[in-house]
Amino acid sequence: DVKVTQSSRYLVKRTGEKVFLECVQDMDHENMFWYRQDPGLGLRLIYFSYDVKMKEKGDIPEGYSVSREKKERFSLILESASTNQTSMYLCASSSLHSGAEQYFGPGTRLTVT
Amino acid sequence: DAKTTQPNSMESNEEEPVHLPCNHSTISGTDYIHWYRQLPSQGPEYVIHGLTSNVNNRMASLAIAEDRKSSTLILHRATLRDAAVYYCILDFGNEKLTFGTGTRLTIIP
């Protein structure tokens with residue numbers, strides 16, 4: 001059974017803290033993605049990666065960075081968390097071929113106070 | 001980039017077929033049409049995708065108009081577990097998917 005796991009289901013952090021969200025996939029997928037989901041806005045792509053050490057900005061990269069040191073792991077970093085980054089964060093992975101489906105993790109609900 | 005348009009919400013009776021529409025009038029020739037759904041408190045899950053021909057799998061069927069400007073996801077016999085938000089998405093071949101706000105499907109027992 002394919003699996004995308006995220007390090008936490010719920011996280012509460014203070015404004016200004018550095019936050020790491022971890023995502024691991026066990027399908028040997030080349031592509032990995034980070035989205036955030038907010039009511040009324042749907043899912044929005046933050047960053048994605050086609051390969052180890054490669055990253056591409058998505059639609060809303062401001063305030064975030066990412067790291068992909070190993071193929072199976074993709075980390076999302078909030079350098080200095082702010083209250084407007086309170087959201088549900090979803091990680092996904094997919095293989096390289098055209099039309100490939102994305103597999104999603106369960107999500108991390110982050111609250112910044 | 002081509003966009004999709006879906007109704008905000010739909011209702012259907014349990015054990016009845018459900019037809020979820022999607023318009024994508026600016027689709028280009030190589031764009032795949034994907035459908036995902038998101039059950040409450042879960043991440044989205046893949047349902048089905050197609051390019052030109054109608055497609056069937058164990059979860060649903062995808063009917064694509066001949067001009068490809070619209071498509072319909074068909075759930076043949078809705079159950080309460082099919083209550084979810086359904087997203088129609090165009091894949092431009094660069095592996096990026098742009099999710100809209102989808103259609104919230106309510107199943108009436």
Side-chain angles (χ1 to χ4, degrees), chain A residues 1-10 21 23-25 27 29-51 54-61 74 87-109, chain B residues 1-9 22 24 27-55 57-60 62 64 68 71 73 84-104:
Chain A
D1 211 13
V2 297
K3 263 258 168 66
V4 178
T5 56
Q6 296 183 228
S7 48
S8 309
R9 286 304 301 268
Y10 299 94
L21 301 181
C23 175
V24 177
Q25 49 97 0
M27 296 162 282
H29 282 164
E30 292 81 6
N31 300 328
M32 295 189 75
F33 307 83
W34 274 106
Y35 297 85
R36 64 178 281 176
Q37 184 171 30
D38 301 288
L41 296 176
L43 277 80
R44 292 179 291 166
L45 182 63
I46 305 171
Y47 267 98
F48 59 104
S49 168
Y50 290 133
D51 202 351
M54 294 187 67
K55 59 186 178 184
E56 297 281 343
K57 291 181 180 179
D59 300 317
I60 51 163
F74 192 35
S87 186
M88 170 69 82
Y89 289 88
L90 290 154
C91 174
S93 72
S94 71
S95 66
L96 258 184
H97 68 82
S98 287
E101 62 207 71
Q102 290 189 15
Y103 293 87
F104 282 80
T108 296
R109 184 164 294 284
Chain B
D1 289 345
K3 298 259 192 291
T4 63
T5 305
Q6 300 176 253
N8 287 333
S9 62
C22 181
H24 29 78
I27 192 170
S28 65
T30 56
D31 294 345
Y32 283 86
I33 301 158
H34 284 245
W35 283 82
Y36 283 73
R37 72 179 186 181
Q38 188 171 20
L39 302 170
S41 302
Q42 294 188 26
E45 64 175 346
Y46 168 82
V47 177
I48 200 166
H49 78 278
L51 186 60
T52 55
S53 305
N54 294 344
V55 184
N57 67 20
R58 63 175 179 80
M59 287 181 72
L62 176 59
I64 300 173
R68 301 210 326 125
S71 61
L73 179 72
V85 178
Y86 287 78
Y87 299 96
C88 168
I89 302 158
L90 298 182
D91 177 1
F92 311 123
N94 61 359
E95 289 85 41
K96 283 175 60 176
L97 299 179
T98 299
F99 285 75
T101 53
T103 297
R104 182 171 298 277

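We name chains A, B, ... by the order of the sequence lines, and we start the count at 1 in each one.
If you look at A:Phe104 and B:Tyr46, their ring centroids are not closer than 6.0 Å. Between A:Tyr103 and B:Tyr36, a ring centre-to-centre spacing not shorter than 6.0 Å is recorded.
Counted within 6.0 Å of CZ on B:Arg104, heavy atoms from surrounding residues, nucleotides or ligands total 12 or fewer; the atom is thus considered open.
The part of A:Leu90 that comes within reach of chain B is its side chain, from C-beta onward, which places non-hydrogen atoms under 4.5 angstrom from that chain. Neither the backbone nor the side chain of A:Arg109 comes within contact range of chain B, judged by heavy atoms closer than 4.5 Å.
Here the side chains of A:Gln37 and B:Gln38 are in contact, with some heavy-atom distance below 4.5 Å. Looking at A:Phe48 and B:Leu97, their side chains never come closer than 4.5 Å, going by heavy atoms from C-beta outward. Contact annotation: the side chain of B:Tyr87 approaches that of A:Leu43 to within less than 4.5 Å [non-hydrogen atoms, C-beta and beyond].
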Apply the test side chain to side chain contact (heavy atoms under 4.5 Å, CB included) to residues B:Phe99 and A:Leu41: give CA-CA distance (whole Å), side-chain angles for both, the deciding distance (0.1 Å), then the verdict.
CA-CA 9 Å; B:Phe99 285 75; A:Leu41 296 176; over 6 Å; no

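For the atom pair CD1 (B:Ile89) and CD (A:Gln102), the distance works out to 8.0 Å, reported to the nearest 0.5 Å. Atom CD of A:Glu101 is separated from atom NE2 of B:His34 by 8.5 Å, given to the nearest 0.5 angstrom.
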